[in-house]
Amino acid sequence: FSVENTRNFSIIAHVDHGKSTLADRLLELTGAIDKTKNNKQVLDKLQVERERGITVKAQTASLFYNCEGKQYLLNLIDTPGHVDFSYEVSRSLSACQGVLLVVDANEGIQAQTVANFFLAFEAQLSVIPVINKIDLKNADPERVEKQIEKVFDIPRNECIKISAKLGTNVERVLQAVIERIPPPKVHRKNSLKALVFDSTFDQYRGVIANVALFDGMVSKGDKIVSAHTKKTYEVNEVGVLNPNEQPTHKLYAGQVGYLIAGMKDVTEAQIGDTLYLHKQPVEPLPGFKSAKPMVFAGMYPIDQSEYNNLKSAVEKLTINDSSVTVHRDSSLALGAGWRLGFLGLLHMEVFNQRLEQEYNASVILTTPTVPYKAVLSSAKLIKARRAVQKNMMYIDQNRVMLKYLFPLNEIVVDFYDSLKSLSSGYASFDYEDAGYQTAELVKMDILLNGNIVEELVTIVHKDKAHSVGKVICERLKDSLPRQLFEIAIQAAIGSKIIARETVKAYRKNVLAKCYGGDITRKMKLLKRQAEGKKKLRKIGNIEVPKDAFIKVLRTQ
Ligand code: GDP
Ligand code: MG
């Protein structure tokens, strides 16, 4: 295929607006998959994607399309739409020259429509607006056209109105891809310059790198070098994704495909890396900003004997999802484990679910926290409000776009759910990092009879310490079994106790077996029991079942 007849594009949209369904139709139209009623989100290959009906991992497919007697190669990259996965979106975009911006004809522009549009706009890509679901009874494509013109400054006559479900007008989308998106700017005569924009791990074949070729060509047997590690590899296989892997003799500049070269480790296939031919070094392509974790949680095997299995599962999964950060950690109650960083809550849940489904691992996840920077100065004394309005724009009479500055920890847990229920499902939400802000935060300890429980130490906003502390104490009270002595459960900031619950002693009736009479024997028994209590209390030997920790630490 000549470069002039090649197009690399992506589909971006708010979640559920129909990206994957549109991708199905494009695959059918171009003969990549057979036309049957059963093609539902074909590119969503992961089980978690099929169950949740969302795309988690961007997928690539090379399509062949005949238009006015000319054969075209169209490389389609399906992207996830959820906020947590915008990192995947921007990675995919770096291999593209244009995007299809899909907007639901009923819902109109939503938060991630805006966020995704700006990712494409900043990357200077051609944007083709596609209004989907025109078959719906409540569809109002004219209103959505106006919104698109107002918010994105795209003339309304550029919108293509389709039904991805029924296939209406989908052919026009392919024509627009050819007409409106430029071919990639590449040079086949130069030496190889390939961008690694994604990588997956296969148990038998090692790392499979998804590559976009900017210059030159690559074939089986070539010796290639990673600009990042400077390691040399021999290429075992190259090919296109159709959407399944299909080996080819060569990959040429302008093509998007995959490459297997005996890389065994995630660090060897860095996303954003440039590959070049041995002895023909090139200037590496600008890489990506590395993903920045926003939500952190502890992860432990339910049973310590499972540690090694879980370790290998976590390692393999992070090869497929390099946006997760992993640090070893250990807890007195839960044993050896990790501290993991995720892009958001959904990302965390999806990671957990993939561990269970793809690697059969069962884990304990602790309540997520967000990163803080502690500065030991009086600046924390500055009174910061928890949310500050920044911007407001009317999209039309019915919809308004609001921008707020929020502390991240206020939105990681259940903010999205509350927003949805308050607005009866109408509001949508997206966020980007606004940097660190000063706030009045305190470190809250949880004490059991005066001993700090390390795994329950949290950082909370001063105003919320009391209510958060109370909830933790109550949960602990419900899950701690009674023991021979009383247990005081306290939440404390420094030496100040802010919440308290008590687990009453389980009073063993030591006298039950003494039938009257022997007073000295009675006294002895009572004394022994008192000593027993004292001894236990003194060494802080409270038997806290692991279950109790799990109940307190778990998200739900
Ligand atoms: P994605 O999250 O953007 O990938 O959206 P999906 O392709 O998974 O579609 C979300 C839902 O919208 C699914 O239930 C689809 O069947 C439905 N859907 C997609 N396109 C259309 C359409 O043109 N008309 C109607 N009525 N439903 C559609
Ligand atoms: Mg999808």
Side-chain angles (χ1 to χ4, degrees), residues 1-3 6 8 45 57-62 73 75 77 88 91-92 94-96 184-288 290 312-323 358:
F1 277 92
S2 69
V3 175
T6 302
N8 296 333
K45 293 178 195 165
K57 185 88 185 146
Q59 298 288 352
T60 305
S62 296
L73 170 65
N75 296 308
I77 296 167
E88 288 269 337
R91 256 171 30 193
S92 316
S94 65
C96 298
K185 287 197 191 75
V186 297
H187 303 280
R188 290 196 173 161
K189 296 223 166 65
N190 291 1
S191 23
L192 172 70
K193 191 188 261 193
L195 171 75
V196 179
F197 66 91
D198 200 0
S199 63
T200 52
F201 182 82
D202 182 283
Q203 238 173 322
Y204 306 104
R205 298 188 292 172
V207 175
I208 302 174
N210 285 14
V211 290
L213 269 68
F214 284 67
D215 283 333
M217 58 181 92
V218 64
S219 38
K220 186 177 167 173
D222 281 348
K223 284 221 159 57
I224 55 163
V225 181
S226 143
H228 182 76
T229 63
K230 299 284 183 291
K231 278 196 198 167
T232 305
Y233 304 90
E234 185 174 320
V235 177
N236 303 329
E237 185 178 325
V238 296
V240 292
L241 296 145
N242 213 359
N244 295 318
E245 287 148 20
Q246 190 182 319
T248 56
H249 292 296
K250 278 180 194 297
L251 276 180
Y252 297 95
Q255 282 192 311
V256 173
Y258 71 95
L259 178 153
I260 303 175
M263 296 170 171
K264 292 268 180 290
D265 192 305
V266 60
T267 53
E268 294 179 83
Q270 283 263 340
I271 287 158
D273 198 359
T274 302
L275 304 175
Y276 55 83
L277 288 178
H278 185 58
K279 295 196 179 128
Q280 296 181 24
V282 296
E283 186 70 18
L285 295 154
F288 303 99
S290 46
S312 106
V314 168
E315 278 166 5
K316 285 191 184 126
L317 202 47
T318 44
I319 296 181
N320 276 303
D321 186 352
S322 58
S323 52
E358 293 166 42

**Fill in**
d(Tyr276 OH, Thr232 OG1) to nearest 0.5 Å is 7.5 Å

**Request:** Would you check if the side chain of Asp215 reaches a backbone N or O of Arg188 as a donor-acceptor pair within less than 3.5 Å?
**Result:** no

**Request:** State, to 0.1 Å, how close Leu195 and Phe214 come at their nearest heavy-atom pair, and which atoms those are.
**Result:** CB-CE1, 3.6 Å

**Prompt:** Under the 3.5 angstrom rule, does the side chain of Gln280 hit a backbone N or O of Leu277 as a donor-acceptor pair?
**Reply:** no

**Asked** So, are Arg205 and Glu237 salt-bridged, with charged N and O less than 4.0 Å apart?
**Response** yes

**Item:** Side-chain (Asn190) to main-chain (His187) donor-acceptor, under 3.5 angstrom
**Value:** no

**Message:** Would you compute the distance between atom CD of Gln255 and atom NZ of Lys250 and round it to the nearest 0.5 angstrom?
**Reply:** 11.5 Å

**Asked** Can you tell me how far CG of Leu213 sits from CG of Leu251, rounded to the nearest 0.5 angstrom?
**Response** 5.5 Å

**Asked** So do the side chains of Lys220 and Asn236 get within less than 4.5 Å of each other, counting heavy atoms only?
**Response** no

**Message:** As an exercise, state the distance from OG1 of Thr274 to CD1 of Ile224, rounded to the nearest 0.5 Å.
**Reply:** 11.5 Å

**Prompt:** Does the side chain of Met263 come within less than 4.5 Å of Tyr233's, by heavy atoms?
**Reply:** yes

**Message:** side chain to side chain contact (heavy atoms under 4.5 Å, CB included) for Asn210 and Leu241? Distances and angles first, verdict last.
**Reply:** CA-CA 9 Å; Asn210 285 14; Leu241 296 145; 4.1 Å; yes

**Message:** Looking at every heavy atom in both Lys193 and Glu283, which two are closest together, and how far apart are they?
**Reply:** CE-O, 3.1 Å

**Item:** Min side-chain heavy-atom separation Val282-Ser191 under 4.5 Å
**Value:** yes

**Reported OG-to-OH distance for the pair Ser2 and Tyr252, which is rounded to 0.5 angstrom** = 12.5 Å

**Asked** Just by modelled atom types, is the His228 backbone N or O under 3.5 Å from a matching donor or acceptor in the Asp273 side chain?
**Response** yes

